[in-house]
K.L.:
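The structure is given below, and queries will be raised subsequently.
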Amino acid sequence: MKLEEVLFSAYGFSSFRPGQREVIEQVIKGKDVVALLPTGMGKSMCYQLPAHILPGTVLVVSPLLSLMQDQVAQLKKMGEKSVVAINSFLKPQEREKIWQTLGSYRFIFISPEMLVQPFVKKQLEKIRVSLLVADEAHCISQWGFDFRPDYLRIAEILPILKFPQVLALTATATEKVTQEIKAYLKLDEPFIYKHSMDRKNIVYDIKKFEDSRQKLEWLTSFVRKSAGPGIIYAGTRRKSQELAAILMDQGISASYYHGGMEHQDRVFVQQQFQNGELDWVCSTNAFGMGVHISNIRHVVHFQLPTSVEGYVQEVGRAGRDGEAALATLLYAEGDEGLLQSLVMDELPTRHEIQQVASHPARADQLVADGIVRETALRVIAYWLSRLSESETLRQMDFLQSEKIKQVDKMKKLVNLESCIREYIIECFDQHLKGKPENCCVNDGIDYTVFGKPQAKPQKVVLESWQNRLNALLP
DNA sequence: CGGTCATTCATTAGTGAATGACCGGTGCCCTAAT
């Protein structure tokens with residue numbers, strides 16, 4: 001059967017999007033693949049379609065529980081019944097049942113943390129996995145080194161699964177990140193598909209101010225005269241709430257989102273935004289992954305992101321529909337401060353490493369006493385189980401210097417006098433092929449194309465059935 | 001770096017200024033306590 005026929009019979013699509021065919025062909029041939037496809041290019045089809053041709057299960061490593069739930073729901077909606085997410089949402093009974101029937105699933109979604117647990121490994125050993133997928137594979141290098149070290153351990157599952165082929169998917173990866181993905185997933189000679197990272201319909205703007213008050217004044221007047229939906233990225237949780245409050249005061253439809261909120265509140269905000277009931281979300285960098293909304297017109301950065309990669313990911317959430325979208329980066333003197341210090345705090349300190357190394361049995365106590373941070377302990381434990389204390393210290397120094405380089409690239413972007421699009425693409429080790437007419441602040445921007453806020457239809461208030469019935473009756 | 005919170009001080013009573021310490025973002029896990 002031809003691929004198009006499978007595509008049509010299983011999913012009802014009649015043609016592939018750019019890149020999909022190339023990637024899927026290689027997967028079916030049995031190659032390992034690293035695929036860099038921009039947001040909104042149908043990455044998930046790259047493993048969904050092969051699942052209908054390969055004999056065994058497709059195991060998908062996914063970074064967020066909410067993303068997993070989403071993907072499962074989406075597959076079920078398309079009529080796929082044999083799909084499951086293994087995570088902490090499961091009740092013990094459900095979990096027990098899943099272990100019993102594990103081999104019968106066509107798709108299994110799992111977090112890296114769950115994947116490396118000994119019991120889970122033992123369960124997965126019993127089944128036939130044809131394809132291991134690392135979804136959002138840039139997380140390996142974005143989070144693996146300082147935040148979620150289990151991301152560096154995904155390859156441990158390969159011998160247990162008797163070396164299935166591997167597919168790594170991401171929208172943003174520099175050459176360095178691509179190499180790290182290859183190294184940590186133990187891919188010898190993968191087929192690498194790289195789509196251009198450039199998003200032609202995104203226009204890059206930078207606004208500079210003397211202090212944060214001016215920034216705020218600009219933001220409120222900008223939001224009032226701009227068409228949503230839009231995301232405003234703030235540097236801290238508190239700031240995201242503050243900005244949302246200020247906008248709401250002006251009668252603008254806005255809310256906030258950050259990692260410190262209750263899970264259900266986060267889900268609620270995201271859904272409101274996706275349903276078009278909310279024009280603006282003020283958030284930390286927690287917001288965005290797994291947000292499927294195609295018509296985001298604006299992404300504003302109220303503070304600097306910590307890397308160009310992070311910036312591109314956040315900006316990339318705009319304009320998935322292909323229509324013009326504006327990315328505005330706001331800068332006030334002194335803004336680098338927060339950036340610098342956040343980045344300095346990311347990695348375990350020398351003191352933390354030395355404490356854990358000299359009291360390995362009391363590590364948990366060190367966390368309880370507030371001497372070592374919990375995240376730091378996990379990162380230290382990962383490295384100390386592989387390297388000596390002095391090697392670990394050296395590794396952290398090295399990672400620190402890499403982070404400083406990333407921050408410097410971001411600082412350079414703010415002060416750029418040449419084309420921003422060109423600079424960004426070069427940060428991703430690619431070359432720009434042709435500039436759009438509306439390009440960036442340094443090449444001149446036509447602001448008229450991004451739309452003005454529309455008069456919203458009055459919100460429909462759902463009446464109770466009694467009231468509606470009464471209204472119908474004379 | 002910049003904002004916030006706690007402490008200190010002067011002093012005769014509850015507050016207000018000044019100083020210094022501290023913190024800031026991203027998520028999985030099924031733990032222990034309700």
Side-chain angles (χ1 to χ4, degrees), chain A residues 61-69 85-96 109-120 135-136 138-154 172 209-213 215-216 233-243 256-263 266-267 282-291 301-307 309-311 313-314 331-347 349 364 367-368 370 373-379 381-382 403 406-407 410-411 414:
Chain A
V61 181
S62 178
L64 303 179
L65 299 182
S66 60
L67 204 61
M68 277 182 227
Q69 303 293 100
I86 300 174
N87 57 42
S88 58
F89 289 167
L90 294 173
K91 299 186 188 89
Q93 306 155 339
E94 294 174 309
R95 195 177 292 208
E96 195 49 46
F109 291 85
I110 197 165
S111 69
E113 286 82 0
M114 194 63 109
L115 184 73
V116 298
Q117 294 202 5
F119 178 78
V120 175
D135 199 11
E136 308 287 355
H138 60 275
C139 292
I140 290 171
S141 66
Q142 185 175 303
W143 281 347
F145 295 110
D146 58 23
F147 185 49
R148 293 175 67 180
D150 289 338
Y151 250 109
L152 302 182
R153 297 177 54 195
I154 294 174
T172 49
F209 303 92
E210 271 165 29
D211 54 43
S212 59
R213 234 193 56 203
K215 240 178 10 179
L216 192 57
Y233 282 105
T236 63
R237 295 173 176 183
R238 176 185 286 272
K239 202 73 188 174
S240 72
Q241 285 186 235
E242 242 175 70
L243 294 178
Y256 60 89
Y257 184 104
H258 57 67
M261 293 159 64
E262 289 294 329
H263 178 76
R266 291 175 64 162
V267 171
C282 306
S283 74
T284 61
N285 59 356
F287 190 69
M289 217 189 264
V291 174
H301 281 84
F302 196 78
Q303 272 137 333
L304 296 180
T306 51
S307 69
E309 283 137 279
Y311 177 65
Q313 277 156 26
E314 286 162 2
Y331 171 83
E333 244 170 278
D335 276 0
E336 311 89 327
L338 172 67
L339 194 65
Q340 209 101 2
S341 101
L342 273 183
V343 167
M344 298 307 262
D345 276 357
E346 281 179 330
L347 289 159
T349 61
D364 290 336
V367 172
R373 294 162 298 171
E374 199 196 352
T375 302
L377 172 60
R378 265 199 297 272
V379 173
Y382 172 84
K403 284 190 181 294
Q406 291 190 332
V407 170
M410 195 62 225
K411 285 200 242 173
V414 179

K.L.:
Looking at side-chain heavy atoms only, is the closest gap between A:K411 and A:V407 below 4.5 Å?
P.N.:
yes
K.L.:
With rounding to whole Å, what would you report as the distance between B:dT26 and B:dC22 at their P atoms?
P.N.:
23 Å
K.L.:
Using the P atom in both, what is the distance from B:dA6 to B:dT11, to the nearest Å?
P.N.:
26 Å
K.L.:
Sticking with atom P, work out how far B:dG3 lies from B:dG25, rounded to a whole angstrom.
P.N.:
15 Å
K.L.:
Using the P atom on both, measure B:dA21 against B:dG27 and round to a whole Å.
P.N.:
32 Å
K.L.:
Determine the contact category for A:D150: base if any of its heavy atoms lies under 4.0 Å from a base atom, sugar-phosphate if only primed atoms, P, OP1 or OP2 are that close, otherwise nothing.
P.N.:
nothing
K.L.:
Within this structure, what is the CG-to-P distance between A:L342 and B:dG24, rounded to whole angstrom?
P.N.:
9 Å
K.L.:
Across all strands shown, which nucleotide pairs with B:dG20 by Watson-Crick or G-U wobble geometry, both distances under 3.5 Å?
P.N.:
B:dC5
K.L.:
Would you check if there is a donor-acceptor pair between the side chains of A:E309 and A:H138 at a distance under 3.5 Å?
P.N.:
no
K.L.:
Rounding to the closest angstrom, what is the interatomic distance between B:dT7 and B:dC29 at atom C1'?
P.N.:
39 Å
K.L.:
By the 4.0 Å heavy-atom rule, please label A:E333 as base, sugar-phosphate, or nothing.
P.N.:
sugar-phosphate
K.L.:
Do the rings of A:Y233 and A:H301 sit parallel, tilted or perpendicular, given the 30° and 60° boundaries?
P.N.:
parallel
K.L.:
If you measure only the distance, is there a donor-acceptor pair under 3.5 Å linking the side chains of A:Y331 and A:E336?
P.N.:
yes
K.L.:
If I take atom CG in residue A:L65 and atom P in nucleotide B:dC29, what distance separates them, rounded to the nearest angstrom?
P.N.:
5 Å
K.L.:
So, does the side chain of A:T236 form a donor-acceptor pair with the base of B:dG3 at under 3.5 Å?
P.N.:
no
K.L.:
I need the CG-C1' distance between A:N285 and B:dG25, as an integer number of Å.
P.N.:
5 Å
K.L.:
Base, sugar-phosphate alone, or nothing: which one does A:S212 contact when heavy atoms must sit under 4.0 Å apart?
P.N.:
sugar-phosphate
K.L.:
Would you please classify the geometry between the A:W143 ring and the A:F147 ring as parallel, tilted or perpendicular, with 30° and 60° separating the classes?
P.N.:
perpendicular
K.L.:
Answer with yes or no whether A:S341 presents, from its side chain, a donor or acceptor under 3.5 Å of a partner atom in the base of B:dG24.
P.N.:
yes
K.L.:
Just the rounded figure in Å: distance from C1' of B:dG25 to CZ of A:F302.
P.N.:
17 Å
K.L.:
To the nearest Å, how far apart are A:H263 NE2 and B:dC29 P?
P.N.:
12 Å
K.L.:
So what does A:Q117 hit on the nucleic acid, given a heavy-atom distance under 4.0 Å: a base, only sugar-phosphate, or nothing?
P.N.:
sugar-phosphate
